[in-house]
Amino acid sequence: MQRSVRHKMIIRALGGQRTTVDALVALTGASPVTIRRDLADLEGHGLLKRVHGGAVAASRRGMRTQTYAMRANQDVASKESVAALVAGLIEEHETVVLDNGTTNDAVARTLVGRDLTVLCMSLHSAVALGVHPQAQVIVPGGVVVPDTLSATPAACIDAARSIRADVAVLGAAAASASHGLTTTTFDDAQIKGAIVACATHRILLADRAKLTRTASFRFAGLEDIDDLVTTADSPPDLLEEFRAAGVQVHLAPAAPAHP
């Protein structure tokens, strides 16, 4: 069977629940090794997400995100390795803006004890940093959004506009040369755009999956960031697109692939 035909069969078979490698072997007649290779290839193109023992369908553009707790427990090792690399790009005494998101919260934990001024867009980050007296921690005012513990969009935008930061550490739902940096909601794009505008040095955090998909709302182009911190399993051709745009690429160790 041709690989393209097999790929179409796999995509059609996937749903919101896990489809196992064994089920895909039975469906296509291919070997388990071939199916795992197909899943890796399709995930690299953003067409599915591998999970333990199989795969699920990729989230559609603009789909509602998972809860904070679910996201915080995913790819923990990769997030920690990315966070450790980012910490090395931040100098003592700098003023930093930390975007919301679970990887940025991991960055906050690596910065504990550093002599920094940090505007945290999430209370998760603020609490992690605030337990140590060395850092000056700032949070946006107003109502806190449940689950993410971030402030409302208006408060976050006002906070970003009121500060002149040395460094901004940004997350994105997706990033590519053709579509730029994108996210899943209009409000989040406005917040991230304000963060980009307030900082001299901008660092983007994006794992392999985020480099192989797009989201609905654009907030910046590749030319607006200085550094990309991603995992070592990211597709080399996509990383070259960032380098061609003048972005410094830093590779953190990737978590082991699912069997």
Side-chain angles (χ1 to χ4, degrees), residues 3-4 7-8 10-19 36-52 54-68 70-75 78-79 82 99-104 148 169-193 196 202-225 227-245 247 249-252 254-255 257-258:
R3 185 176 66 169
S4 60
H7 283 189
K8 290 179 181 178
I10 291 171
I11 292 299
R12 289 171 182 165
L14 296 180
Q17 301 298 316
R18 178 173 67 100
T19 302
R36 291 190 181 98
R37 188 181 302 121
D38 288 341
L39 296 182
D41 187 28
L42 291 167
E43 184 184 47
H45 288 86
L47 298 175
L48 57 79
K49 178 175 176 59
R50 284 187 294 170
V51 297
H52 185 75
V56 296
S59 297
R60 294 187 297 274
R61 186 180 298 186
M63 181 178 285
R64 187 177 181 86
T65 59
Q66 295 174 312
T67 65
Y68 178 90
M70 292 176 65
R71 290 182 287 115
N73 288 317
Q74 293 174 346
D75 303 319
S78 292
K79 289 175 183 176
V82 164
D99 195 3
N100 58 41
T102 56
T103 307
N104 272 284
T148 63
V169 184
L170 291 145
S176 70
S178 55
H179 296 95
L181 314 185
T182 54
T183 188
T184 57
T185 70
F186 175 81
D187 286 343
D188 195 38
Q190 301 310 298
I191 295 169
K192 294 179 189 302
V196 168
R202 300 120 178 182
I203 302 170
L204 174 69
L205 314 184
D207 62 17
R208 171 195 173 105
K210 292 178 179 179
L211 301 182
T212 58
R213 63 190 184 208
T214 62
S216 299
F217 298 95
R218 189 178 190 273
F219 64 89
L222 266 58
E223 68 278 5
D224 295 312
I225 61 171
D227 294 85
L228 167 67
V229 180
T230 187
T231 46
D233 60 346
S234 296
D237 56 329
L238 300 183
L239 298 181
E240 284 305 314
E241 293 179 345
F242 282 83
R243 293 188 179 101
V247 178
V249 176
H250 309 267
L251 300 179
H258 294 295

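In this structure, the side chain to side chain contact (heavy atoms under 4.5 Å, CB included) partners of A177, at least two apart in sequence or on a different chain, are L222, E241. With sequence neighbours excluded, the residues that form a side chain to side chain contact (heavy atoms under 4.5 Å, CB included) with D38 are R3, R6, H7, I10, T34, I35. For S176, the side chain to side chain contact (heavy atoms under 4.5 Å, CB included) criterion is met by S178, H179, T214, not counting sequence neighbours. Residues passing the side chain to side chain contact (heavy atoms under 4.5 Å, CB included) test with A206 are L204, K210, L211, L228, sequence neighbours excluded. Scanning for side-chain hydrogen bond (donor to acceptor under 3.5 Å, both in side chains) contacts around T182 gives an empty result, with sequence neighbours left out. Checked against salt bridge (Lys or Arg N to Asp or Glu O under 4.0 Å), E240 has the following partners two or more places apart in sequence or in another chain: R243. Applying the side-chain hydrogen bond (donor to acceptor under 3.5 Å, both in side chains) criterion to T183, with sequence neighbours excluded, gives D188. Residues passing the side-chain hydrogen bond (donor to acceptor under 3.5 Å, both in side chains) test with D227 are H201, H250, sequence neighbours excluded.
Counting all heavy atoms, side chain and backbone alike, A13 lies closest to T19 at O-OG1, 3.6 Å. Across every non-hydrogen atom of R208 and T230, the tightest pair is N-OG1, 3.9 Å. Nearest approach of G171 to F219, heavy atoms of both residues: O-CZ, 3.7 Å. Annotation for N100 and K192: closest pair OD1-NZ, 4.2 Å, computed over non-hydrogen atoms. Among all heavy-atom pairs drawn from A174 and A215, the shortest one is CB-N, 3.8 Å.
If you take CG on L48 and CG on L39, they are separated by 5.5 Å, rounding to the nearest 0.5 Å. Rounded to the nearest 0.5 Å, atoms CZ (R36) and CZ (R50) are 10.5 Å apart.
Across L205, D99, T103, V229, a single residue satisfies side chain to side chain contact (heavy atoms under 4.5 Å, CB included) together with V169, and that is L205.
Checked by atom type and distance alone, the side chain of R202 pairs as donor or acceptor with a backbone atom of V196 at under 3.5 Å. Side-chain atoms of R213 come within 3.5 Å of backbone atoms of A173 as a donor-acceptor pair (strictly under, hydrogens ignored).
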Checklist entry - Would L181 and D224 satisfy side-chain contact (heavy atoms from CB on, under 4.5 Å), going step by step from the backbone distance to the final call? => result CA-CA 9 Å; L181 314 185; D224 295 312; 5.8 Å; no
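If you check the side chains of T231 and D233, you find a donor sitting under 3.5 Å from an acceptor.
I11 has its side chain within reach of L42: a pair of non-hydrogen atoms, C-beta onward, lies under 4.5 Å apart.
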